[in-house]
Amino acid sequence: MALSPLSFKLIALISFLLLSLSKASLATLGQHRRHPRYTPHNYRDALAKSILFFQGQRSGKLPPNQKMAWRKDSGLSDGSSMNVDLVGGYYDAGDNVKFGFPMAFTTTMLSWSVIEFGGVMKNELNNAKQAIRWATDYLLKATALPDTIFVQVGDANKDHACWERPEDMDTPRTVLKIDKNNPGSEVAAETAAALASASLVFKTSDPTYSKLLIKTAIRVFEFGDKYRGSYSNGLKNFVCPFYCSFSGYQDELLWGAAWLHRATKNSSYLNYIQENGQNLGGVEFDNTFGWDNKHVGARILLSKAFLIQNVKSLQEYKDHADNFICSLVPGASSSSSVQYTPGGLLFKMGDSNMQYVTSTTFLLLTYAKYLTSSHTTAHCNGRTITPNVLRAIAKKQIDYLLGENPLKMSYMVGYGSRYPQRIHHRASSLPSIAEHPAKIDCSSGFSAMHSNSPNPNVLIGAVVGGPDQNDGFPDERSDFEQSEPSTYINAPLVGSLAYFAHSFSQL
Ligand SMILES: *[C@@H]1O[C@H](CO)[C@@H](O)[C@H](O)[C@H]1NC(C)=O
């Protein structure tokens, strides 16, 4: 159903009246806080949990303030096979490999979340910054040598053939790198985007660290741009089919340059975008925003410079951003529109669909923010789409994720009364070190994998791949497509939850 601006205003008015009503009754009725229909979710609780999740994905030496206490140190000699220190960083998902490409994207999206919505995160701002720093400390190690980036630690095939706790893992910690002879422009440019965006996060709270981040970002981007090529060629046998770059490296070069422009305000990056923009994806129509494809993310990001800094040459990015936004508003696009499940969830694909839900929702809220600040709207085929229409679509996605769906299932572990019990995650599904100090070897773990019992360690805040196109969810551990969490599902969700926690905090 498409909402006209008028009907949207009407709905907004009605919900305002109902909210005021439930606020009034809340005062009189005391414990009857949960109006069955109109009281929103506890977005603040969900926000805190979405950030806490990152502690469960930590690799390396855990600090004394580690709250997710069932996790212990792991990967303490990572990098030693190449005489470098690569201890730290994040495991991407339910395994024990450190994949640099999605880790960098995760970092960029966590940073973007803080850049746009950190101002309303309150107590969670520091936790979000710690989650970013855990990644950037690692990315600084991975980029310490000139013209080299260490892009992976762990042999994914051998790791996936085992079901082991990270604390026990004994599969090869193979170190992979890109350099002049084996380029990897997509990983380099995404790493530059991560470091550049994080430099903005720490700009006032830790200027020294911020300067180190931006200095490294500039150098890493230069390297990735100068030695062009995809890491999926040179490292094919290791990175494919896991995080093979299907969309090429052009989108990351554009996205990386856009982030460097935002972080440095150096106009040479604008010149770069103008000179290379067409070749770097001016004609790209795939709107799938995620660890592989950054096209629409770059368009939304560059729209800000057009809308707010008045960089006229970026008009086409605003037009492209509108086209993307229109495809999400039912009935508003002439060319393509996205698919929703019968229950209303944005549906792109069966494997880890929720990553597109959270990334797209973040773009909707961010674009709505830019439009509001510049007093403009999106244009769809002669129709005007206001920022509030975008926020309403975003809210519906987040509310679905948190439990307003046909199965009444929250897809965030530990949030709500009903959530996935058997997530595809080695550390969560095996007994903790405290419960079972003795080593559980590679193949012994599979009895836990195949068991029907709930996971013993609750990976609070983990959001799984999510339901199928008919809103179904079997909650089976072997089903990695639907039951595996990942850092890049959560990263953009952090920003969206901060926005809603703030907007509904008066309740
Ligand atoms: C802007 O970036 C260019 C290219 O990286 C560099 O040569 C130049 O020194 C930078 N300018 C400033 C003011 O930092």
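Just so you know, residue 1 is the first one in the sequence shown, and it goes up from there. Both ligands and their constituent atoms are indexed starting at 1 by order of listing. Bear in mind that the values here come from a model prediction, so they are computed numbers and not experimental data.
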Fill in: For atom 4 (C) of ligand 1, closest protein heavy-atom neighbour
S268 OG, 3.6 Å
Item to complete: With sequence neighbours left out, write down each residue that passes side-chain hydrogen bond (donor to acceptor under 3.5 Å, both in side chains) with Y269, or none if nothing qualifies.
Response: none
Practice prompt. Look at atom 14 (O) of ligand 1 and say whether a protein heavy atom is found at less than 4.0 angstrom from it.
Written response: yes
Item to complete: Please list, chain by chain and in numerical order, all residues satisfying side-chain hydrogen bond (donor to acceptor under 3.5 Å, both in side chains) with Y340, sequence neighbours excluded.
Response: none
Worksheet item: Does the pair M68 and I460 meet the rule for a side chain to side chain contact (heavy atoms under 4.5 Å, CB included), with working shown?
Response: CA-CA 8 Å; M68 211 173 276; I460 294 174; 4.2 Å; yes
Practice prompt. Have a look at N271, I218, N266 and point out the one with the heavy atom closest to atom 1 (C) of ligand 1.
Written response: N266
Worksheet item: How far is atom 5 (O) of ligand 1 from its nearest protein heavy atom, and which residue and atom name does that atom have?
Response: E222 OE2, 4.0 Å
Worksheet entry | Is_contact(atom 11 (N) of ligand 1), protein non-hydrogen, under 4.0 Å | yes
Worksheet item: Just checking, R133 and F202: is the charged tip under 6.0 Å from the six-membered ring centre and within 45° of the axis?
Response: yes
Item to complete: Please say whether the positively charged group of K395, taken as NZ for Lys or CZ for Arg, lies over the ring of F504, i.e. under 6.0 angstrom from the six-membered ring centre and within 45 degrees of the axis.
Response: yes
